[in-house]
Protein chains: 2
Amino acid sequence: MPQTTKTRRVTAADIARSLGISRATVGFVLNDTPGQTISPATRTRVLDEAARLGYRPHIAARALASGRTRIVMLVLPDWPLDFNLRRNIEEASLALDEAGYALITYTPHPTGRARPLWETLQADVVMAMTTWAPGQVESLRAAGVTRIFPDPEAPPAAEWHEEGPVLQVQHLVDLGHRSIAFAGSADPRIADLVTMRRALANSAAGDLGLDQLPTADLDLTDASAGAAIADWRAAGVTGIVAYNDDVAAALTGAALRLGLTVPGDLSIIGHDDTPLASTFEPRLTTIRVDTVGLGRFFAELALSSVEDRPEPTAGPELRVALIERTSTAPIG
Amino acid sequence: MPQTTKTRRVTAADIARSLGISRATVGFVLNDTPGQTISPATRTRVLDEAARLGYRPHIAARALASGRTRIVMLVLPDWPLDFNLRRNIEEASLALDEAGYALITYTPHPTGRARPLWETLQADVVMAMTTWAPGQVESLRAAGVTRIFPDPEAPPAAEWHEEGPVLQVQHLVDLGHRSIAFAGSADPRIADLVTMRRALANSAAGDLGLDQLPTADLDLTDASAGAAIADWRAAGVTGIVAYNDDVAAALTGAALRLGLTVPGDLSIIGHDDTPLASTFEPRLTTIRVDTVGLGRFFAELALSSVEDRPEPTAGPELRVALIERTSTAPIG
DNA sequence: TAGGGTGGCTAGCGCGCGCAAGTGCACGAA
DNA sequence: TTCGTGCACTTGCGCGCGCTAGCCACCCTA
């Protein structure tokens with residue numbers, strides 16, 4: 001026989017029995033069920049007894065009966081979680097917690113043996129950081145998940161991080177740079193993001209009257225960064241837009257080791273405002289993303305969906321911002 | 001778009017009905033229930049029908065009936081998740097997935113309104129990165145969670161990251177440094193970790209015949225790092241053991257901006273081997289932790305517990321390692 | 001021919017909860 | 001007095017699943 005635990009958990013039935021009332025009444029009190037009138041006396045008796053016995057609702061039973069879990073599942077991609085993302089998640093988690101929801105993170109493994117968790121754990125909302133793979137959407141639908149973000153139906157809309165690359169290019173152009181390169185990452189897991197940021201940078205360059213940006217994908221080794229810099233220098237490049245701060249740091253280090261100065265010979269701008277990037281010398285000019293605001297926005301998105309409120313619109317506070325430091329300078 | 005087709009999920013009863021057999025038989029096939037003999041013909045018919053209908057077991061119902069969820073919950077502290085931790089989690093997640101378990105992360109919020117998730121979501125195992133707070137253990141126990149890591153009963157045993165600070169001090173001493181300082185972080189969320197690493201560094205210093213290390217807790221601003229360096233330089237310090245790479249980076253940048261050279265005037269060693277730290281100039285000497293091995297170890301810990309196998313012992317591959325780069329040099 | 005397995009299945013309970021439908025009762029209006 | 005009517009509850013079903021306790025051939029033995 002399946003002996004679950006030594007200490008059986010306290011159930012609503014225990015409260016009812018102990019008080020000599022029906023289980024339904026206990027349920028009505030504990031859930032504040034609308035349309036049910038309970039006398040104040042009974043109400044306090046139930047609440048007191050629940051507290052005394054240390055009652056905790058069993059989420060599985062509740063999920064089974066109501067179809068709701070008060071869980072928001074955030075599906076993480078397998079790429080490295082940077083500092084910003086973590087703050088973001090943390091903030092969303094906090095906001096959801098205040099609303100009585102729990103945020104959990106989960107990373108699906110396409111090669112794994114276990115079924116994706118959303119097929120079995122009935123989260124109220126399932127959110128992802130990027131767009132869904134086709135198979136995932138199908139799997140989510142089959143599992144009966146109806147609240148999905150980003151909405152697979154909607155076209156790949158304006159993304160919140162869309163303006164970063166634009167600001168990067170704009171900044172270098174403002175400083176007088178006309179020959180600018182884009183440094184991506186060779187990590188295949190973030191290929192989509194790299195492609196997107198590159199496209200945005202190129203688009204901004206076009207708007208400012210520049211040609212397509214020369215491009216290289218780095219693997220964060222000194223050799224890789226050094227080779228790219230040598231090529232670009234030979235082509236007259238004076239400013240580099242990096243996919244993120246890690247790439248910018250690799251380029252900066254490699255440039256210094258090649259005997260160049262930053263920003264004297266080469267201006268380099270990163271993206272994401274990693275804390276470490278602001279402390280090293282030279283301190284990295286970069287793009288800051290409002291991770292806290294973004295986290296709250298995500299939480300609000302989930303809550304509005306689950307409570308049938310209209311979706312919030314991204315406010316101006318979610319704009320990205322240029323952080324000027326000492327890795328970029330006017331051309332000269 | 002608001003009205004989604006209300007897709008009822010496929011249940012085991014659907015399979016049974018469609019095949020004209022009993023629900024129990026379906027259950028026996030799908031679970032490979034030991035002690036039940038099922039004819040190969042029926043077995044394949046059930047499996048085929050399950051596949052055809054897209055059957056997914058409902059985890060809440062299973063949890064309710066069996067008391068097991070095949071979920072391992074990793075409780076994250078609210079401190080910043082660094083790169084290593086993320087790799088660690090990722091690897092553990094992968095290993096658990098292969099064993100048919102899902103790893104979810106969850107951060108409890110002491111100030112929040114929602115009850116801690118472990119009280120309601122019946123995870124098979126609940127693990128934490130640090131030691132438990134007293135109230136948490138109580139809450140876990142009350143919720144009927146029996147598989148808890150680290151074991152609240154066991155004394156705070158030898159930690160896996162215990163040797164890092166020792167290696168840091170050892171390395172500087174090997175290079176001839178005798179006047180060494182310890183730079184911690186002022187972030188209150190990681191105060192415990194800072195304290196622990198400082199104690200280990202001091203203990204190592206004692207073993208090597210040094211006095212207690214002078215100490216400062218930095219907040220990652222240039223001012224804070226610069227002030228500490230000025231003090232230490234005045235006291236004749238030539239080597240700094242940093243709590244982690246972020247602190248080391250702040251110190252290095254501040255030193256350079258004060259006109260000092262690293263490692264010429266000051267040797268600085270970090271901890272954690274953050275990728276960004278290896279690319280900047282000077283490249284940071286640091287301590288590498290085997291995050292992948294550690295992740296697998298955590299997964300194995302959880303699995304052994306849930307399957308009643310003996311606990312694995314940490315192998316030698318989990319040892320930390322010194323990564324010598326260019327931020328440290330012999331005194332002279 | 002009876003008796004005793006045993007392979008292959010079914011009936012049905014219970015996990016803890018939400019909630020629809022009902023029940024008894026007091027009280028005020030007709 | 002009778003009849004609503006609203007209050008304060010109770011009865012009881014069903015969510016989907018795991019699993020125990022049968023049940024009924026069928027075959028093998030004596």
Side-chain angles (χ1 to χ4, degrees), chain A residues 1-5 7-46 50 53-70 115 119-122 124 143-144, chain B residues 6-46 50 53-70 115 119-122 124 143-144:
Chain A
M1 31 186 175
Q3 185 80 10
T4 36
T5 49
T7 51
R8 213 179 52 76
R9 52 186 298 149
V10 179
T11 73
D14 292 333
I15 300 177
R17 198 175 313 118
S18 152
L19 250 36
I21 61 177
S22 81
R23 234 210 73 262
T25 304
V26 173
F28 294 145
V29 170
L30 294 176
N31 296 329
D32 263 333
T33 311
Q36 293 290 340
T37 50
I38 306 287
S39 71
T42 304
R43 182 175 295 274
T44 52
R45 283 175 68 218
V46 169
L53 296 177
Y55 169 75
R56 310 276 188 273
H58 189 304
I59 209 167
R62 168 180 287 170
L64 194 57
S66 72
R68 299 195 33 194
T69 49
R70 299 184 84 80
R115 300 224 54 97
E119 294 193 346
T120 47
L121 171 63
Q122 296 263 61
D124 289 348
Chain B
K6 195 180 165 216
T7 49
R8 211 180 54 77
R9 47 187 302 147
V10 178
T11 71
D14 292 333
I15 301 176
R17 201 175 310 116
S18 152
L19 249 37
I21 61 177
S22 79
R23 234 211 22 59
T25 305
V26 173
F28 293 146
V29 170
L30 294 176
N31 297 328
D32 263 333
T33 312
Q36 293 291 340
T37 51
I38 307 286
S39 71
T42 303
R43 181 175 296 273
T44 52
R45 284 175 65 219
V46 168
L53 296 177
Y55 169 75
R56 310 275 188 275
H58 190 305
I59 208 170
R62 169 180 286 169
L64 195 56
S66 72
R68 300 195 32 195
T69 51
R70 299 184 84 80
R115 299 224 55 97
E119 292 191 348
T120 47
L121 170 63
Q122 294 263 59
D124 289 347

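Being a predicted model, the structure only gives us computed values, none of them experimental. We name chains A, B, ... by the order of the sequence lines, and we start the count at 1 in each one.
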Spacing between [X] atom [atom1] and [N] atom [atom2], to the nearest angstrom:
X       : N      : atom1 : atom2 : answer
A/Leu30 : C/dG16 : CG    : C1'   : 12 Å
A/Leu19 : D/dT10 : CG    : P     : 10 Å
B/Arg56 : D/dC17 : CZ    : P     : 12 Å
B/Asp32 : C/dG8  : CG    : P     : 15 Å
B/Ile38 : D/dG18 : CD1   : C1'   : 14 Å
B/Arg68 : D/dG18 : CZ    : C1'   : 12 Å
B/Ile21 : C/dT10 : CD1   : P     : 6 Å
A/Leu64 : D/dC13 : CG    : C1'   : 13 Å

Backbone of [Y] reached by a side-chain donor or acceptor of [X] within 3.5 Å:
X       : Y       : result
A/Arg45 : A/Leu19 : yes
B/Arg62 : B/Gly67 : no
B/Thr25 : B/Ile21 : no

Worksheet item: Start at the 5' end of DNA chain D and walk down; is the nucleotide closest to A/Ala24 or to A/Pro40 reached first?
Response: A/Pro40
Worksheet item: Which comes earlier along DNA chain D counting from the 5' end, the contact point of B/Phe28 or that of B/Ala60, where each point is its nearest nucleotide?
Response: B/Ala60
Item to complete: Indicate the atoms forming the closest heavy-atom contact of B/Ile38 with B/Phe28, along with that distance.
Response: CD1-CB, 4.0 Å
If you only use heavy atoms from C-beta on, which nucleotide in [options] is closest to the side chain of [X]?
X       : options                : answer
B/Arg9  : D/dT10, C/dG16, D/dG16 : D/dG16
B/Ala65 : C/dG8, C/dG14, C/dG18  : C/dG14
B/Tyr55 : D/dC17, C/dC17, C/dC15 : D/dC17

Worksheet entry | Salt bridge flag under 4.0 Å for residues A/Arg43 and A/Asp32 | yes
Discussion item. Closest-nucleotide mapping onto DNA chain C: is A/Ser66 or B/Arg23 further toward the 5' terminus? I mean the 5' end.
Written reply: B/Arg23
Discussion item. Using OP1 and OP2 only, check whether a side-chain N or O of A/Thr37 sits under 4.0 Å from D/dC7.
Written reply: no
Fill in: Distance below 4.0 Å between B/Thr25 side-chain N/O and C/dT10 OP1 or OP2
yes
Discussion item. Need one value for A/Thr42: base, sugar-phosphate or nothing, where a base atom within 4.0 Å counts as base even if backbone is also close, heavy atoms only.
Written reply: sugar-phosphate
Discussion item. If you go through the side-chain atoms of B/Gln36, does one of them form a donor-acceptor pair with the base of D/dC19 closer than 3.5 Å?
Written reply: no
